[in-house]
Amino acid sequence: MNRKKLQKLADSLVRSAKHFNKYEVECLIKLFNNLGVEPNERHAIVGLDRNTFRNILHVTFGMTDDMIMDRVFRAFDKDNDSCVSVTEWVEGLAIFLRGTLEEKIKYCFDVYDLNSDGYISREEMFHMLKNSLLKQPSEEDPDEGIKDLVEITLKKMDYDHDGKLSYVDFEKAVRDENLLLEAFGPCLPDIKCRLAFESQAFQESPEL
């Protein structure tokens, strides 16, 4: 990508990805280009496919839960074309790395709402908690323990008592207790991964 094109793209992205300055946006665009993102036979669009993106989540941000990684990919892939474009990459990372509490609440809710129907249901909670909890070999029926946990969670977070979590329920619960933001599995980077990624991405990089 030539300098002029890079500048133009960075100028437009710095307006939509408000948490980064222009230099940081340029670094993220260069990083995106360095990931070897080439159009292939299936996709004429240049972007990160699901596997490449999941690999970044796993290697760079230490994520291991397949279901959550898949949902994070979908949260970044706003236009649902099965690949993350440079715009989706920069705008997604703005929230992923530096989002306000409000932005992170919206992002986490979207990740946890597995079927995108606007609610986190009992079944969705069960699947996510089952995936994120360590299996205890001594337990007779681990599913029972998870069902209990789902009920406890609903008791704490389901303010309108309709047996599922709406965005309003989730937002209120997280504002009252910030630790509930990632109640159903880690979908944001911890501070160590975040700082490591930023220091690597935003170091003085050679001109491309």
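Contact of the F184 side chain with the T153 side chain is registered, since non-hydrogen atoms from C-beta on lie closer than 4.5 Å. Between F32 and V90 there is no side-chain heavy-atom pair separated by less than 4.5 Å. A heavy-atom distance below 4.5 Å is not found between the side chains of T87 and K78. A heavy-atom distance below 4.5 Å is not found between the side chains of M128 and D65.
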> Where do K5 and K8 land on the side chain to side chain contact (heavy atoms under 4.5 Å, CB included) test, with the steps shown first?
Replying inline: CA-CA 5 Å; K5 216 167 154 192; K8 198 172 168 196; 5.8 Å; no
>> Would F170 and C108 count as a side chain to side chain contact (heavy atoms under 4.5 Å, CB included) here? Give the steps.
In response: CA-CA 9 Å; F170 186 73; C108 288; 4.1 Å; yes
> Would K130 and K147 satisfy side chain to side chain contact (heavy atoms under 4.5 Å, CB included), going step by step from the backbone distance to the final call?
Replying inline: CA-CA 9 Å; K130 188 171 180 169; K147 281 179 188 156; over 6 Å; no
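To the nearest 0.5 Å, atoms CG (L28) and CD (E26) are separated by 10.5 Å. Here the OH-CD1 distance, from Y112 to I68, works out to 5.5 Å after rounding to the nearest 0.5 Å. Rounding to the nearest 0.5 Å gives a distance of 9.5 Å between CG of L6 and CG of D11. From M63, atom CE reaches atom CG of D70 across 12.5 Å, with rounding to the nearest 0.5 Å. Annotation: the span from N55 atom CG to R50 atom CZ amounts to 14.5 Å, rounded to 0.5 Å. For the atom pair CD of E88 and CZ of F73, the computed distance is 8.0 Å after rounding to the nearest 0.5 Å.
Judged as a side-chain hydrogen bond (donor to acceptor under 3.5 Å, both in side chains), and not counting sequence neighbours, D113 has no contacts. Evaluation of the side-chain contact (heavy atoms from CB on, under 4.5 Å) rule for H58 yields T64, M69 as partners, not counting sequence neighbours. Residues that satisfy the side-chain hydrogen bond (donor to acceptor under 3.5 Å, both in side chains) test with R54, not counting sequence neighbours, are D66. Evaluation of the salt bridge (Lys or Arg N to Asp or Glu O under 4.0 Å) rule for E103 yields no partner, not counting sequence neighbours. Checked against salt bridge (Lys or Arg N to Asp or Glu O under 4.0 Å), K104 has no partners two or more places apart in sequence or in another chain. In this structure S12 satisfies the side-chain contact (heavy atoms from CB on, under 4.5 Å) test together with R15, sequence neighbours excluded. Remark: D162 engages Y119, D158, D160, K164, D169 in a side-chain contact (heavy atoms from CB on, under 4.5 Å) (not counting sequence neighbours). By the side-chain hydrogen bond (donor to acceptor under 3.5 Å, both in side chains) test, Q200 is found to be paired with no residue, residues two or more places apart in sequence or in another chain being considered. With sequence neighbours excluded, no residue satisfies side-chain hydrogen bond (donor to acceptor under 3.5 Å, both in side chains) with H127. With sequence neighbours excluded, the residues that form a side-chain contact (heavy atoms from CB on, under 4.5 Å) with A173 are M157, Y159, L180.
Under the 30°/60° scheme for interplanar angles, the aromatic rings of F197 and F61 are found to be tilted. Aromatic ring orientation, Y167 versus F109: perpendicular (interplanar angle above 60°, classes split at 30° and 60°).
Taking each heavy atom of C83 and D77 in turn, the nearest pair found is O-OD1, 3.2 Å. Scanning all heavy atoms of the two residues, the minimum distance from V25 to L13 falls at CG1-CB, 3.7 Å. Contact between S16 and E91 at its shortest, heavy atoms only, is OG-OE2, 2.6 Å. In this structure, H19 and E24 approach most closely via the heavy-atom pair O-OE1, 4.1 Å. Contact detail for C27 and F202: the closest heavy-atom pair is CB-CD2, 3.8 Å. The shortest heavy-atom contact between W89 and F76 is O-CE2, 3.9 Å.
Apart from I191 itself, the hydrophobic cluster it occupies contains L195, where clustering links Ile, Leu, Val, Met, Phe, Trp and Tyr at side-chain heavy-atom distances under 4.5 Å.
Contact check on K106 versus D110 returns a salt bridge, with a Lys/Arg side-chain nitrogen under 4.0 Å from an Asp/Glu carboxylate oxygen. Using a cut-off of 4.0 Å between Lys/Arg side-chain N and Asp/Glu carboxylate O, R122 and E151 are scored as salt-bridged. One finds a salt bridge joining R98 and E198 here, because a Lys/Arg side-chain nitrogen approaches an Asp/Glu carboxylate oxygen to under 4.0 Å.
A donor-acceptor pair under 3.5 Å is absent between the side-chain atoms of T60 and the main chain of L57, judged by distance alone.
A side-chain donor from one of T52 and D49 sits under 3.5 Å from a side-chain acceptor of the other.
Across L165, I120, L149, a single residue satisfies side chain to side chain contact (heavy atoms under 4.5 Å, CB included) together with L154, and that is L165.
Identified under the side-chain hydrogen bond (donor to acceptor under 3.5 Å, both in side chains) test for residues 182-194, with sequence neighbours left out: none.
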